[in-house]
Enquirer: 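Below: one structure in structure tokens.
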Amino acid sequence: MKALDGLDSAFEHRARLAIGVLLARHDEISFARFKQSLSLTDGNLGAQLRKLEDAGYLALRRDFVERKPVTWYRLTEAGRDALDSHLAALQAMIATATG
Amino acid sequence: MQQAEQLKQDLDYVVGAVRRHDRSAGVPSIYFMWAAIIAVGWALPDFAPQLAAPFWVLFGIGGGLVSIWLAARDTKHSGSVDQAHGRRHGLHWLVTGAAFLVCWLPVMRGAPIETAVGNFMLVAAISYALAGVHLERPLLWTGLLMLAAYVVLTMFAWPYTWTATGLLVAIALAWAGFSSQRSRSPVHPE
């Protein structure tokens with residue numbers, strides 16, 4: 001199926017897809033906020049974020065809020081393009097399946 | 001078929017996460033601050049009209065600046081930065097401020113002061129109601145209250161209309177602040 005060609009393995013896991021979609025809607029999101037929105041454990045969330053970071057799709061910066069360390073994530077240009085392609089492929093796949 | 005079901009579950013999960021993340025009912029401290037400013041500021045035309053203009057110049061501009069600071073602080077605490085959303089808020093209230101200034105134009109051209117106060121109430125009502133529609137839902141009720149007050153001000157010459165409206169709006173804003181506080185789940189740092 002042609003639509004499958006556009007699917008990106010980095011976004012095939014639903015948590016990573018959700019991370020991408022959330023970051024496409026907001027400029028930066030903290031680790032704690034992701035944990036709350038996605039209902040994941042620290043370890044699982046950290047692993048999913050690292051996979052996207054290793055793919056070059058996420059950039060992070062560290063900051064302090066009231067003297068507590070906070071890690072902020074944002075989509076890179078490559079991440080945004082990859083997410084767009086992945087979502088377009090998903091839409092095409094759903095359109096094909098539903099006729 | 002199994003793949004389609006898996007895909008549906010994955011998309012449901014993503015939609016759920018986005019919806020959970022998007023719940024925004026405003027910043028409670030901003031609601032409480034404006035409740036206090038409005039309660040005092042709207043009583044002034046009834047009790048000390050000569051103080052109303054300087055009060056609003058000082059607390060209108062000061063309150064706006066403090067609101068920006070409180071919103072920026074809240075953004076950091078909430079763990080989500082959305083510059084487009086911030087710009088939308090800024091632009092909305094900037095246009096409101098400009099409209100408040102324009103309300104005084106008829107008075108400067110010799111019209112009675114009542115013209116300006118009626119315009120002022122109408123601009124405030126529309127601005128708050130539209131903020132409730134497009135930005136933060138709890139503001140819709142304060143806007144509608146102001147709209148009702150504008151009708152009362154225009155149709156009847158009731159005494160202390162400004163004070164009563166100010167108190168009602170302050171109560172509505174305080175209620176919005178409390179409901180916003182309740183609906184928030186704190187984001188703990190890592």
Side-chain angles (χ1 to χ4, degrees), chain A residues 1 3-4 7 11-40 42-43 45-46 48-49 60-75 83 86-87 89-99, chain B residues 1-30 66 68-91 134-137 180-190:
Chain A
M1 197 192 279
L4 290 175
L7 290 176
F11 289 116
E12 272 177 8
H13 191 283
R14 63 185 192 172
R16 293 199 293 271
L17 179 60
I19 289 167
V21 170
L22 284 170
L23 284 174
R25 290 171 62 103
H26 303 273
D27 298 302
E28 283 189 314
I29 298 176
S30 72
F31 185 90
R33 188 65 195 256
F34 270 135
K35 206 173 110 179
Q36 193 184 55
S37 298
L38 303 175
S39 309
L40 295 175
D42 281 10
L45 176 60
Q48 305 303 345
L49 286 165
L60 62 91
R61 73 176 172 92
R62 294 202 166 83
D63 187 14
F64 285 88
V65 175
E66 288 183 351
R67 296 187 198 169
K68 288 167 188 141
V70 175
T71 312
W72 297 87
Y73 296 86
R74 66 174 173 81
L75 270 183
L83 180 69
H86 185 78
L87 291 176
L90 275 181
Q91 277 173 336
M93 208 166 88
I94 291 166
T96 309
T98 53
Chain B
M1 198 65 193
Q2 213 176 3
Q3 247 186 344
E5 184 56 31
Q6 179 65 41
L7 182 61
K8 187 186 172 305
Q9 283 178 10
D10 287 353
L11 292 179
D12 283 347
Y13 173 82
V14 174
V15 169
V18 171
R19 286 210 180 120
R20 206 159 36 236
H21 193 95
D22 274 353
R23 266 181 224 146
S24 166
V27 183
S29 48
I30 295 179
V66 174
I68 293 170
W69 177 75
L70 287 172
R73 198 183 67 145
D74 185 73
T75 292
K76 279 196 151 193
H77 281 266
S78 69
S80 169
V81 177
D82 190 340
Q83 285 174 348
H85 186 67
R87 273 197 298 273
R88 235 178 2 255
H89 268 266
L91 199 58
H134 300 297
L135 302 171
E136 292 168 11
R137 184 44 53 99
S180 161
Q181 220 167 22
R182 266 201 312 272
S183 68
R184 290 171 153 235
S185 37
V187 178
H188 301 291
E190 290 135 46

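Keep in mind that what you see is a predicted model, and the values were worked out from it rather than measured. Chain naming here is simple, since letters A, B, ... match the order of the sequence lines and numbering starts at 1 in each.
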Enquirer: Counting only heavy atoms from other residues, nucleotides and ligands, does the tally under 6.0 Å from CD of Q83(B) exceed 12?
Expert: no
Enquirer: With only heavy atoms counted, which part of L40(A) is less than 4.5 Å from chain B, the side chain, the backbone, both or neither?
Expert: side chain
Enquirer: If you define the side chain from C-beta out and look only at heavy atoms, does anything of L11(B) sit under 4.5 Å from L17(A)?
Expert: yes
Enquirer: What is the minimum heavy-atom distance between A84(B) and D27(A), and which atoms define it?
Expert: N-OD2, 4.0 Å
Enquirer: Tell me, side chain or backbone of D63(A) under 4.5 Å from chain B's heavy atoms, or both, or neither?
Expert: side chain
Enquirer: Nearest heavy-atom pair of L22(A) and A17(B): which atoms, and what distance?
Expert: CD2-O, 4.1 Å
Enquirer: Just checking R62(A): does its CZ atom have more than 12 heavy atoms from other residues, nucleotides or ligands closer to it than 6.0 angstrom?
Expert: no
Enquirer: Minimum heavy-atom separation for W72(A) and G79(B), please, with both atom names.
Expert: CZ3-C, 3.5 Å
Enquirer: Which of these passes side-chain contact (heavy atoms from CB on, under 4.5 Å) with D82(B): H26(A), R25(A), E28(A)?
Expert: H26(A)
Enquirer: Could you check if a side-chain atom of E66(A) sits within less than 4.5 angstrom of a side-chain atom of H77(B), using non-hydrogen atoms only?
Expert: yes
Enquirer: Without swapping roles, check the side chain of R14(A) against the backbone of V14(B) for a donor-acceptor pair under 3.5 Å.
Expert: no
Enquirer: Please find the pair of heavy atoms, one from D10(B) and one from E12(A), that lie closest to each other, and give the distance.
Expert: OD2-O, 4.3 Å
Enquirer: Check S80(B) against R33(A) and note the closest heavy-atom contact, atom names and distance.
Expert: CB-NH1, 4.0 Å
